[in-house]
Amino acid sequence: MVYLTSFEVLAQPLVPGLQTPFVQQGTFIQVSNLSTTACAISLNFTPSPAFVAADLVVDYVDNSGNVTNYGASTFLASPIGFNSITIPGGGTYIFGVQYTPPAATPTPTPTPTPSPTPTPAPTPPPTPTPTPPPTSTPESGVAVRGYVTLTAPVGTSLLVAATIRQVFFNYTVDKILLDVSEAAYALPLTNGPLQQF
């Protein structure tokens, strides 16, 4: 086992007390098997605080480009992470951990209450005050940080890259989340990209 890198997974407003902009950030780890024979690896996550299972998306992309939903319950079983995933010789897998952004629900427009007595100039109804969706408040946002370890059989050589990917959102007046910007950057690896066991 080697200590591979740190990680941060979150879905929350950037500024406490404001609902926008909202950021979704995931951690992705690419592992290439440099040998000609298949090997089983494990990527284990030590979180602080603990992962929240709701809205956690955990999957990996295999050598053929197929996406496998690993499932939050499987990922969160002890030990936390991707356990005993077999990568073919010369193959490359990408492992991803992220939270989905909150579901935005439009605020219904209130209907005016009819006046019991007619008035010559009816007052229009007040403009509704937008309220953020419940899951977009700082209190209900989620942020998990920690470190990742990598385990592989003795004699295995792996080439590893770790990446943070971010998507920034804003709400429209109708409470629809719009992707306004994206960013990605590499995470440092404790022993560099070449991992030899």
Margin query: The criterion is side chain to side chain donor-acceptor pair (under 3.5 Å); which residues satisfy it with R145, sequence neighbours excluded?
Written below: E8
Notebook entry, point to check: Looking at side-chain heavy atoms only, is the closest gap between V142 and F51 below 4.5 Å?
Noted result: no
Margin query: According to side chain to side chain donor-acceptor pair (under 3.5 Å), who are the partners of Q166, at least two apart in sequence or on a separate chain?
Written below: Q25
Notebook entry, point to check: Backbone N or O of Q195 within a donor-acceptor pair of the N191 side chain at under 3.5 Å?
Noted result: no
Check: Are any non-hydrogen side-chain atoms of T190 and T5 less than 4.5 angstrom apart?
Finding: no
Next item on the list: Scan side-chain atoms only and decide if T151 and S42 contain a donor-acceptor pair under the 3.5 Å cut-off.
Entry: no
Next item on the list: Taking all heavy atoms of V144 and all of P49, pick out the closest pair and write down the distance.
Entry: CG1-O, 3.3 Å
Next item on the list: Could you tell me whether F82 and Y93 have their ring centroids closer than 6.0 angstrom?
Entry: no
Note to self: Taking T37's backbone N and O only, do any of them form a donor-acceptor pair with S35's side chain (distance below 3.5 Å, no angle check)?
What the structure shows: yes
Next item on the list: Would you check if V167 and V23 make a side-chain contact, meaning some heavy-atom pair closer than 4.5 Å?
Entry: no
Next item on the list: Kindly work out whether a path of hydrophobic side-chain contacts (I/L/V/M/F/W/Y, heavy atoms less than 4.5 Å apart) joins I164 to I29.
Entry: no
Next item on the list: State, yes or no, whether a side-chain contact exists between N63 and P88 at a heavy-atom distance under 4.5 Å.
Entry: yes
Notebook entry, point to check: Is the closest side-chain heavy-atom distance between V31 and F95 below 4.5 Å?
Noted result: yes
Margin query: Would the distance check show the side chain of T156 and the main-chain N or O of F197 forming a donor-acceptor pair, the cut-off being under 3.5 Å?
Written below: no
Next item on the list: For residues Y147 and Y3, establish whether the separation of their ring centroids is below 6.0 Å.
Entry: yes
Notebook entry, point to check: Does any non-hydrogen side-chain atom of N83 lie less than 4.5 Å from one of F75?
Noted result: no
Next item on the list: Taking the side chain as every heavy atom from C-beta outward, state whether I41 and L150 have any pair of such atoms under 4.5 Å apart.
Entry: yes
Next item on the list: Indicate the atoms forming the closest heavy-atom contact of A143 with Q12, along with that distance.
Entry: CB-OE1, 3.6 Å
Checklist line | Passing option when T149 is tested against L4, N44, T46 for side chain to side chain contact (heavy atoms under 4.5 Å, CB included) | finding: N44
Next item on the list: Side-chain contact test, heavy atoms from C-beta onward, threshold under 4.5 Å: evaluate it for V9 versus Y99 and give yes or no.
Entry: yes
Notebook entry, point to check: Under a 4.5 Å side-chain heavy-atom rule over Ile, Leu, Val, Met, Phe, Trp and Tyr, are V2 and L189 clustered together?
Noted result: yes
